[in-house]
Amino acid sequence: MPTKKIYELKERTGIKAKAYALWRKTIKPLQPSPQAKQVDKEPYKHISYTFSRDKEHMFLIENRDTFFLPSTRSLIVHEILKRTRYSQKDYAIGITNLIAQGVYTAAYPLHEGEFEGDTDIPPNPRQMLFDEWGSYSKFVKFQPLNLIRNYFGEKIGMYFAWLGLYTKLLIPSSLVGLIVFLYGVFTMDDNVPSDEVCEAYNITMCPLCDRECKYWRLSDSCKSAKFSHLFDNEVTVFFSIFMSLWATWFLENWKRKQMELNYAWDLSGFEEEEEQPRPEYEARLVKHRIEQSDKTGEEVKLPKKQTLFAVGVSSVTILTMFTVTLAAVFAVIMYRLSVASALAIYPNSGQIVSGTAVTLNLIVILILDEIYGSVAAFLTNLECPRTETEYEDKLIFKLFLLKFVNSYASIFYVAFFKGRFMGRPGQYIYAAPGLRMEECGPGGCLYELCIQLSIIMAGKQLIQNNVMEIGMPKLKKFLRECTCFGLCKERAERAEDKAGPRDTRWEEDLVLEPFSGLSPEYLEMIIQFGFVTIFVASFPLAPLLALVNNVLEIRLDARKFVQELRRPMAERARDIGIWYNILKGITKISVIVNAFVIAITSNFIPRTVYQYMYSPDGSLHGFIDWSLSTFNVSDFEPGSEPRDNRSLGEVVQFCRYRDFRDAPWEAEPYKYNLAYWHIFAARLGFVICFQNFIIFLRDFIGYIIPDVPKELDEQIKKENKIMMDALIHEENVRQGEVEMDPEKEPL
């Protein structure tokens, strides 16, 4: 809290001051109205210090009713209620226990008036948040972080500060991704491999399934080859490197932003106190408390057998859920194989099968996400953690594991497994009798990975993050208004009598949706961060899609917090907690995955090997013919050959397939040729070099960007020194070792 001690701020001089002034003038129109007046800083600053009643005389208390922020006042009241004893029993402490026992229905801080009001009356903080934060017309403006912090507390303010920084830094990555995409568009007609595919009228390809599928011309895949070039081109590697470094840059910027918020919000000296046990934990201790206390006299704890049993059940259940996710992916694969075989006689059936399969996959992901959320909460309640922090960390860990696997399992399959274990013509591997393992379509695996990623990412953001996030609170509010906990009749009569008293604030807030924590908000953004970084090599428009979603997400969340939710209990927090470690983990995973996507899924390595080792003129002319192997149709296994051998108007004796194997007339037909091993070695070398190069650059960026801005670091040290000197001087005065200077005002 601000003290009476002030000091003069150091002013910037020279070019740095002019640049800073120009920047502040530039961003002033982007500031929300309540914060616009705070852009120009005062030349003096009051030093902040942790409030203590025995040092009350030190603090700048102009008005005792407004000295503490609204969020701090609600926090103080909540702490009092949590520590108040309501019975002589040892565990009978706090409002949370009374709620758990059903004595009270709920306990929550009240909203400060209506979110919409008369424009002639000065707006309350809730109205200001709704107008300046929840308005869609203000989407280009910065968030009023100070208002959010004052109304909801530091923990929620920290989340929206993180979300705002993440959204802002998506702008440069979106621009680079758009440039990469446009490069693919403008070079599409000049791409040699795709031109060769479109002109390959005389290359006959082997059937894509047994019996029903026909031979086909490579030129039939012209459109998919052109489309694949949009995302699999020369600058894909550059964009992957850029996004890997961007993720590190984002995390380093967040650490700096976090320190700035800690300083601005007086969190530098904040230390978390020892948490009280959760009511659910206390309830489980009741049956053991008397017996164990009489025997040992030691602190009562849950039996280890009970704790180990809960952890064991959680582990087995999570592994079972992983199996369910993999089974769902396999079921979609079987659907795709069976439907593709049934519709093989129809033209363009491949696009229909792929589109319906991805849509079905999206529906399964959305359904399993909801189920896994309930499963994670049930398992965490079964483990019964002692404190709220332990409970939140365990819940977050389970939610992240389950939803991460659920969201990315099908994408990992397309990226690294589809088409890798199918065998070859004459020796196919079958997933079921008559259904051989699927291979990538004519456009290649990266083309399918792009389609899969874009549909799942867009679908999850549109349906789960936006429609359900806004629709579900409104639906629950409607149902709650219908039940109203026994108040419906009374409220209905009061509404009919317009001249009578209106609903009280607590009655109006009671029908709102209870705040369930920030974990769902963080989790959806973390999953999106994975889409943006882990598989960005296959879909450079992912950052742009995330940017558009987040601009809307911020305003939707704002309206939800202000309009649809009960006012959350204010909490103090210096950081985003375990989510930062999860972000770091995803950043490291993204480097590995992008290296393998470029090396294995894309054609970057085969093209490079051909151009520098096999091309007679150092170009890509002839690459398509070189990348196809030849198969003698007489070597088909009985019953697997096409029914019609003259579907192309002539008898087919040889067909081509994507692989690097010796021709049937070689000494060892269908054996991997030398080009295969050259490509294998190049892929392995690329993965090693790519990862080490990115790790070096990432560590270098982390080294050159300090966690605390230099100017802020100096300011904090100066304030600490001044405050420490003042405290020492005051202590000496109290002990009579020095005399107070009558000309100087005490702190």
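Numbers here are sequence positions counted from 1.
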S.K.: Do the non-hydrogen side-chain atoms of F181 and L544 ever get within less than 4.5 Å of each other?
M.R.: no
S.K.: Answer whether the closest heavy-atom distance between the side chains of F239 and I179 falls below 4.5 Å.
M.R.: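 Not in contact.
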S.K.: Assess whether a salt bridge exists between K560 and E513, defined as any Lys/Arg side-chain N lying under 4.0 Å from an Asp/Glu carboxylate O.
M.R.: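 Salt bridge flag = no for E513 with K560.
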S.K.: Looking only at non-hydrogen atoms, find the nearest pair between A415 and R420 and report the distance.
M.R.: O-NH2, 3.6 Å
S.K.: Without swapping roles, check the side chain of Y522 against the backbone of I576 for a donor-acceptor pair under 3.5 Å.
M.R.: no
S.K.: Looking at E132 and K138, does any basic side-chain N land under 4.0 Å from a carboxylate oxygen?
M.R.: yes
S.K.: Out of curiosity, N150 CG to M128 CE, how far, rounded to the nearest 0.5 Å?
M.R.: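 Interatomic distance, N150 CG to M128 CE, rounded to 0.5 Å: 9.5 Å.
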S.K.: Does a donor on one side chain and an acceptor on the other come within less than 3.5 Å for Q258 and D707?
M.R.: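 Not at all, the side chains of Q258 and D707 share no donor-acceptor pair under 3.5 Å.
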S.K.: Could you report the tightest heavy-atom contact between S173 and P543, atom names first, then the distance?
M.R.: OG-CB, 3.6 Å
S.K.: Please check this pair: side chain of S538 against backbone of C450, looking for a donor-acceptor N/O pair closer than 3.5 Å.
M.R.: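 Answer holds: no.
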S.K.: Would F152 and F160 count as a close aromatic pair, with their ring centres under 6.0 Å?
M.R.: no
S.K.: I need the minimum non-hydrogen distance between A328 and L368, along with the two atoms involved.
M.R.: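 Closest approach of A328 to L368: CB-CD1, 4.2 Å.
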S.K.: Where do L565 and P514 come nearest, in terms of heavy atoms and distance?
M.R.: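 In terms of heavy atoms, the two residues are closest at CD2-O, 4.3 Å.
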S.K.: Nearest 0.5 Å please: distance from the CD1 atom of I526 over to the CG atom of L399.
M.R.: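 Atom-to-atom, I526:CD1 and L399:CG are 12.5 Å apart.
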S.K.: Please tell me whether H111 and Y151 have a donor and an acceptor in their side chains that are separated by less than 3.5 angstrom.
M.R.: yes
S.K.: Do H229 and E234 come close enough that some side-chain heavy atom pair is under 4.5 Å?
M.R.: yes
S.K.: Within this structure, what is the CG-CG distance for the pair L552 and L547, rounded to the nearest 0.5 Å?
M.R.: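 L552 atom CG to L547 atom CG measures 11.5 Å (nearest 0.5 Å).
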S.K.: Could you grab the distance from atom CE of M457 to atom CG of L545, nearest 0.5 Å is fine?
M.R.: 4.5 Å
S.K.: Please check if atom NZ in K588 has more than 12 non-hydrogen atoms from other residues, nucleotides or ligands closer than 6.0 Å.
M.R.: no
S.K.: If the threshold is 4.0 Å, N to carboxylate O, is there a salt bridge linking R149 and E154?
M.R.: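 Salt bridge: yes.
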S.K.: If we only count heavy atoms from C-beta on, is the W249 to I705 side-chain gap below 4.5 Å?
M.R.: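 Touching, per the 4.5 Å side-chain cut-off.
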S.K.: Decide side chain to side chain contact (heavy atoms under 4.5 Å, CB included) for T601 and F596; before the verdict, give the C-alpha distance in whole Å, the side-chain angles of both, and the deciding distance to 0.1 Å.
M.R.: CA-CA 7 Å; T601 312; F596 279 98; over 6 Å; no
S.K.: So, the side chain of S244 versus the backbone of I694: is there a donor-acceptor pair under 3.5 Å, distance only?
M.R.: no
S.K.: In chain order, what residues pass the side-chain contact (heavy atoms from CB on, under 4.5 Å) check against L684, with sequence neighbours excluded?
M.R.: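 L684 satisfies side-chain contact (heavy atoms from CB on, under 4.5 Å) with I688 once adjacent residues are dropped.
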S.K.: Is there a side-chain contact between M243 and N594, using heavy atoms and a 4.5 Å cut-off?
M.R.: no
S.K.: Start with the C-alpha distance between L523 and S519, add both sets of side-chain angles, then the distance that settles side chain to side chain contact (heavy atoms under 4.5 Å, CB included), and finish with yes or no.
M.R.: CA-CA 6 Å; L523 189 59; S519 296; 5.9 Å; no
S.K.: Would you find more than 12 non-hydrogen atoms of other residues, nucleotides or ligands less than 6.0 Å from K168 atom NZ?
M.R.: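 Open: at most 12 neighbouring heavy atoms sit under 6.0 Å from NZ of K168.
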S.K.: Hey, is K155 close enough to E392 for a salt bridge, meaning N to O under 4.0 Å?
M.R.: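 Result for this pair is yes, salt bridge flagged.
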S.K.: Are the side chain of D232 and the backbone of S228 linked by a donor-acceptor contact shorter than 3.5 Å?
M.R.: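 Not confirmed, D232 side chain does not pair with S228 backbone.
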S.K.: I'd like to know whether N406 forms a side chain to side chain contact (heavy atoms under 4.5 Å, CB included) with Y372, so could you lay out the CA-CA distance, the side-chain angles of the two residues, the decisive distance to 0.1 Å, and finally the verdict.
M.R.: CA-CA 9 Å; N406 183 44; Y372 289 164; 3.8 Å; yes
S.K.: Which pair of non-hydrogen atoms, one from G164 and one from Q143, has the smallest distance, and what is that distance?
M.R.: CA-NE2, 3.5 Å
S.K.: How about Y166 and W162: are their ring centres within less than 6.0 Å of each other?
M.R.: yes
S.K.: Could you report the tightest heavy-atom contact between F535 and L453, atom names first, then the distance?
M.R.: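 Looking at all heavy atoms of both residues, the shortest contact is O-CD2, 3.6 Å.
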S.K.: Should the ring pair Y447 and F227 be called parallel, tilted or perpendicular, given that the plane angle runs from 0 to 90° and is split at 30 and 60?
M.R.: perpendicular
S.K.: Any non-hydrogen side-chain atom of P568 less than 4.5 Å from a side-chain atom of F561?
M.R.: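 P568 vs F561: side chains touch.
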S.K.: Is the shortest side-chain heavy-atom distance between F686 and T608 below 4.5 Å?
M.R.: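 Side-chain contact under 4.5 Å: no.
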S.K.: Does G134 offer a backbone N or O that forms a donor-acceptor pair with the side chain of R559 under 3.5 Å?
M.R.: yes
S.K.: Say whether S410 and N361, considering side chains only, have a donor N or O and an acceptor N or O under 3.5 Å apart.
M.R.: yes
S.K.: Taking only residues two or more places apart in sequence, or in another chain, which ones meet R555 in a salt bridge (Lys or Arg N to Asp or Glu O under 4.0 Å)?
M.R.: none
S.K.: Where does the angle between the aromatic ring planes of W246 and F250 fall among parallel (under 30°), tilted (30 to 60°) and perpendicular (over 60°)?
M.R.: parallel
S.K.: Output, in order, the C-alpha distance, side-chain angles, deciding distance and verdict of side chain to side chain contact (heavy atoms under 4.5 Å, CB included) for I396 and I582.
M.R.: CA-CA 10 Å; I396 288 171; I582 293 176; 4.0 Å; yes
S.K.: Do N233 and F604 come within less than 4.5 Å of each other through their side chains, counting heavy atoms only?
M.R.: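 No; the side chains remain at least 4.5 Å from each other.
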S.K.: Please answer whether the main-chain N or O of P606 pairs with a side-chain N or O of N603 as donor and acceptor at a distance below 3.5 Å.
M.R.: no
S.K.: Any Lys/Arg nitrogen of D131 or R126 sitting under 4.0 Å from an Asp/Glu carboxylate oxygen of the other?
M.R.: no
S.K.: When you measure from the side chain of S407 to the backbone N and O of F404, does any donor-acceptor pair fall under 3.5 Å?
M.R.: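 The answer is no, because no donor-acceptor pair under 3.5 Å joins these two groups.
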S.K.: Using a strict cut-off of less than 4.0 Å between a Lys/Arg side-chain nitrogen and an Asp/Glu carboxylate oxygen, indicate whether K460 and D369 qualify as a salt bridge.
M.R.: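 A salt bridge is present here (some side-chain N lies under 4.0 Å from a carboxylate O).
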S.K.: Counting distance only, does the side-chain N/O of N191 pair as donor-acceptor with the main-chain N or O of M188 below 3.5 Å?
M.R.: no
S.K.: Could you check, using the six-membered ring where one of them is a Trp, whether F539 and F531 have ring centers closer than 6.0 angstrom?
M.R.: no
S.K.: In terms of relative ring orientation, are F696 and F700 parallel, tilted or perpendicular, with 30° and 60° separating the classes?
M.R.: parallel
